[in-house]
Amino acid sequence: MGTTNHIFDRMKQREEELLSHINREELPQHIAIIMDGNGRWAERRGLRRVDGHRAGIKAVREVVEAAARLGVKILTLYAFSVENWKRPPDEVSTLMSLLRKYIKKETPTLLNNNIKLSVLGRMEGLPQVVQSDLRRALEATHHCTGLLFNIALNYGGRTELIDAFRKIWQQLENTKGTAPPIDEELIANNLYTAGQPDPDLLIRTSGEMRLSNFLLWQIAYSELWVTETLWPDFRCKELYEAIISYQKRERRFGGV
Ligand code: FPP
């Protein structure tokens, strides 16, 4: 017991120390995370892949609360991609039920922390029960003005662009007007993230150097930070390290 307390104290000390290196005036406004490595985390422990997803929920909880406390404006987590339907049916259904449990259990915490929930992706393609739970949480947190927490669900960067072009096409059909200028603003305003600033910082766990069809339009100028840490082990410490690394960089947006 004594040793556990000691380790815990050391972890807290390290977190506090990292926190003191973060400049609150220069926070990334929008942080996006590709949560990867749940399966490997489980396999390394001789557990089932779904146990890795279950353990990943703790990391979700901690990161959402830490981002809200810090004063980050937007946090986007990649929870389920359009490609993830190809996984074994029991893994897909466990992910859906974990999501439902998380939403039901965490809505009061989101409210207490003034966190507004939002969904990026083809929500209509999710099971009806998941959609109902999500709708309830979206309505309940609609008025919140603190952190905007986007969960990317049934999300694909390419499908998002297809959906945006379809919306633009529809607007043209409806107005029977002349074509508006096709520019960055028109496209950005028709993405799932319409009205939100692009991610300043994109974090990926488990060491993979891939974008996995995530926010393809929005990450054009995002700073990338990749950690070997597997998602279930991701904690405040890693979030703070990513922000500190981001704050040391010079962003040039194509300039010099
Ligand atoms: C990638 O790990 C992770 C996922 C596909 C799902 C992430 C979902 C959660 C953490 C739980 C639900 C989320 C919320 C927001 C409540 P992987 O399975 O691809 O890992 P591997 O690459 O090691 O196999």
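Remember, it's a predicted structure, so these values are computed and weren't measured experimentally. Both ligands and their constituent atoms are indexed starting at 1 by order of listing.
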A.B. asks: Under a 3.5 Å threshold, I'd like every N/O contact between ligand 1 and protein atoms, with atom names and distance.
C.D. replies:
residue	atom	partner	partner atom	Å
ligand 1	2 (O)	Gly37	N	3.4
ligand 1	2 (O)	Asn38	N	3.4
ligand 1	18 (O)	Arg49	NH2	2.8
ligand 1	18 (O)	Arg87	NH1	2.8
ligand 1	19 (O)	Asp36	OD1	3.3
ligand 1	19 (O)	Arg87	NH2	2.8
ligand 1	20 (O)	Gly37	N	3.3
ligand 1	20 (O)	Asn38	N	3.2
ligand 1	20 (O)	Gly39	N	3.0
ligand 1	22 (O)	Asp36	OD1	3.0
ligand 1	22 (O)	Arg40	NH2	2.9
ligand 1	23 (O)	Gly39	N	3.4
ligand 1	23 (O)	Arg40	N	2.8
ligand 1	23 (O)	Arg40	NE	2.8
ligand 1	24 (O)	Arg49	NH1	3.0
ligand 1	24 (O)	Arg49	NH2	3.2

A.B. asks: May I have all residue pairs that pass ring pair (Phe, Tyr, Trp, His ring centres under 6.0 Å) and include part of residues 123-150, sequence neighbours excluded?
C.D. replies: none
A.B. asks: Once rounded to the nearest 0.5 Å, what's the spacing between atom OG1 of Thr107 and atom NZ of Lys105?
C.D. replies: 11.5 Å
A.B. asks: Under 6.0 Å between the ring centres of Phe80 and Tyr155?
C.D. replies: no
A.B. asks: Is there a donor in the side chain of Asn150 and an acceptor in the side chain of Thr193, or the other way round, less than 3.5 Å apart?
C.D. replies: no
A.B. asks: Given 3.5 Å as the limit, does a donor-acceptor pair link the side chain of Asp51 with the main chain of Arg48, or not?
C.D. replies: yes
A.B. asks: If you measure from CD on Glu238 to CG on Asp233, what distance do you get to the nearest 0.5 Å?
C.D. replies: 8.0 Å
